[in-house]
Protein chains: 2
Amino acid sequence: MSGPMDQRKAAILRAVVDEYVQSAEPVGSSYLARVSGIQVSSATIRNDMNLLEHEGYLTQPHTSAGRIPTDKGYRYYVDTFASEVDDSDVLQFKSVEEFFTKAHGALAEMFSDTSRLLTNMTNYAAVVTGPSPETILIRSVQLVSLDSRRVLLLMVDSKGAVEKKVMELANEISEADLEKVSNMLTRKLRGFPLGSLCEPESTGSPDLDQLCTLTVESLKEFQGESEAVYIEGASKVANAFDAVDTVRRVLATLEQHFLVVSLIRDVLSKGQKVAIGSELGIEPLAECSVVVSPYVVEGEQLGSIGLVGPTRMNYPKVLAAVNLVSTGLGKRLSEG
Amino acid sequence: MSGPMDQRKAAILRAVVDEYVQSAEPVGSSYLARVSGIQVSSATIRNDMNLLEHEGYLTQPHTSAGRIPTDKGYRYYVDTFASEVDDSDVLQFKSVEEFFTKAHGALAEMFSDTSRLLTNMTNYAAVVTGPSPETILIRSVQLVSLDSRRVLLLMVDSKGAVEKKVMELANEISEADLEKVSNMLTRKLRGFPLGSLCEPESTGSPDLDQLCTLTVESLKEFQGESEAVYIEGASKVANAFDAVDTVRRVLATLEQHFLVVSLIRDVLSKGQKVAIGSELGIEPLAECSVVVSPYVVEGEQLGSIGLVGPTRMNYPKVLAAVNLVSTGLGKRLSEG
DNA sequence: CGCTGGCACTCGATAGAATAGAGTGCTAAG
DNA sequence: CTTAGCACTCTATTCTATCGAGTGCCAGCG
């Protein structure tokens, strides 16, 4: 299938992608000969385009139309050209820095604001995933009495985020005992990740033991909840496609957060930053691409940010944006 | 403009709405004469339709097409007929009850699950707003030391919800002082709504005073954050319209949460449950209707639920669903 | 051997004309 | 007040013709 990719063919492929991304119209050979700066005749370009089509990089919507890139074509483009700098974003760099120096507030806000930043920068739908449960360490555990039978469990994690849950007790427990258990659990569990909590040893009192068990159970439940996803700019999907049906399918898929999360995880686990169309392996997203990047806090990959747009996407710009924002977010979170 | 609305004209208007809601096609007089059960000839229906058009209840997309309802037509329909029971939803009643007996977890989850329930029942986008700030009372205030200069503010409200915020301090403050301030503020502020917090009197120590002021400031900030909105089923908008442009406009508007919140508030403040098209006063939502209902907890209107769909909406069904879910949610929250 | 101009061919997109038929408004009669 | 009848309007559909962008291929040229 894949024949040799000489320099001119690569340049043509590149030009087709650039042009098609911008115009959404199939690109013809004579247009390229005029505009792209490739110094050969349209006939020569035609020949190469023909080869590129047979090699699977380009396709024709119908005979006697121009060419549009295939997923494979986009893939080659991304792998080959996207690393080259897109200096049109130098301007944005300032505003991103500014955003992160001004940003404050709870983690949740931070993430949703970041998501909004991304979607505004790129005009695609943005996804930010919170820290994955394995990386969250317990900092403190507190039990607050609400009324005789109900206790509020508060957990502060290593990032300063707070999780809470109301627990119903079988027996009444005194404030003093609550405090005792709070202190005990904080001492025992501080520094442990939510993922691997073991049962604390017995305290001697069955009532207190029961409370401890219940608390640890509840703490474990925080694991799921903390896997938060912040999706902003879903409406941008409606800009990207003109088939209302495609829009519906994509939006419905984005609403299934777990799908989006595992999608992003899959991409990252392959060491990729970009997944294109069919590579996503999700039928309703066949016309979409995803660009992701993890953010790193104190050397650890805490979570990730990403963009979902049409395969016909401005990859250099989007990659630049994602990289910029992920390092910004990482830095900002490292500061505390 | 509005001439007398005799019974037959009302029946015709009703039939037009019912038919158009279902088919999305303009409704003609002969079709109604055949199907609607109105026992007059098509010519008579035609005459009445003509009147209805001149009175502003119906309109024609073009001469020699059937009629479709105007916003005013929908309004009359809703005011006149929507109170009649829609027993097609008796079935759903069971599943709603079931939902609320099974539902548990934090408030936030409760709300977003409720939103999802609504969107699934109706196939329109659902909105659930959390308790409005005026109804939230402070139950307790706690300050937790994170490190020398940073303090975590935790507030538990009367519904057991917790808000948190990290505060940066100008000066170091001892754990003992933190505790003192925590206790003092809890004592002073317990039972007050977030909306109306006054400055506590001086403690004597400037450092502590500063901390108090900062804390009260931060508490006030919770007001905005607690006005949470849970919108689910945005993708359903893409089912409702076939102009991708309309979809885009509507989605973009839904993403501006504050707009949606104030929209719902406006509708409720007029004592309405339904707002139709132009009544919304929001240009991009000109083709949308909103159906809302407050939910009542212990005699108080805490927040509201609503649906956003096309004006061409199944009002009886949607009203039934909204009423059902809002009472269900109210009951569920009253239980604790 | 690779590039190019030339050319026949394909096929979607656009425009125009003709037709069908759904639906109307009006009128005159019951 | 209702209705049958009818002329009229206007969209949607179909068909045809035409246009032209773009292709593939070939023969010639450096």
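In what follows, chains are A, B, ... by sequence order, proteins preceding strands, each numbered from 1.
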**Test salt bridge (charged side-chain N to carboxylate O under 4.0 Å, His left out) applied to B/Asp79 and B/Arg75, step by step** = CA-CA 6 Å; B/Asp79 289 345; B/Arg75 165 56 61 196; 3.1 Å; yes
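- For the residue pair A/Ser289 and A/Tyr315, a side-chain donor N or O sits within less than 3.5 Å of a side-chain acceptor on the partner.
- The separation between A/Leu51 atom CG and C/dC3 atom P is 11 Å, rounded to whole Å.
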**Item:** Base-contact (B) and sugar-phosphate-only (S) positions in nucleotides 14-30 of chain D, heavy-atom cut-off under 4.0 Å, - elsewhere
**Value:** -------BSBBB-----
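- With no hydrogens or angles considered, a side-chain donor-acceptor pair links B/Lys236 and B/Thr119 at under 3.5 Å.
- Each end of the helix from C/dC1-D/dG30 to C/dG30-D/dC1 gets its own rotation axis from five pairs of C1' atoms, and the angle between them is 30° to the nearest 10 degrees.
- For the pair B/Ile68 CD1 and C/dA22 P, the interatomic distance rounds to 20 Å; values are reported in whole Å.
- Classification of A/Glu55 and A/Lys72 as a salt-bridged pair fails, no side-chain N sitting under 4.0 Å from a carboxylate O.
- In this structure, the CD atom of B/Glu25 is 13 Å from the C1' atom of C/dG23, given to the nearest Å.
- For the residue pair B/Ser29 and B/Ser42, no side-chain donor N or O sits within less than 3.5 Å of a side-chain acceptor on the partner.
- Here the C1' atom of nucleotide C/dC3 and the CG atom of A/Asp48 are 11 Å apart, to the nearest Å.
- One interatomic measurement links the two molecules: CD1 of B/Ile38 to C1' of D/dT3, which rounds to 16 Å at whole-angstrom precision.
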**Item:** Audit row: B/Lys270, B/Asp266, salt bridge (charged side-chain N to carboxylate O under 4.0 Å, His left out) steps and yes/no
**Value:** CA-CA 6 Å; B/Lys270 287 179 199 145; B/Asp266 285 358; 5.8 Å; no
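- Considering B/Leu13, B/Leu32, B/Ile12, B/Leu58 as possible partners of B/Asp48, the one that fulfils the side chain to side chain contact (heavy atoms under 4.5 Å, CB included) test is B/Ile12.
- Taking side-chain N and O atoms only, A/Arg8 has no distance below 4.0 Å to OP1 or OP2 of C/dG2.
- Among D/dC10, C/dT4, D/dT3, the nucleotide with an atom closest to any side-chain atom of B/His62 is D/dC10.
- Shown here are the ring pair (Phe, Tyr, Trp, His ring centres under 6.0 Å) partners of B/Tyr124, two or more places apart in sequence or in another chain: there are none.
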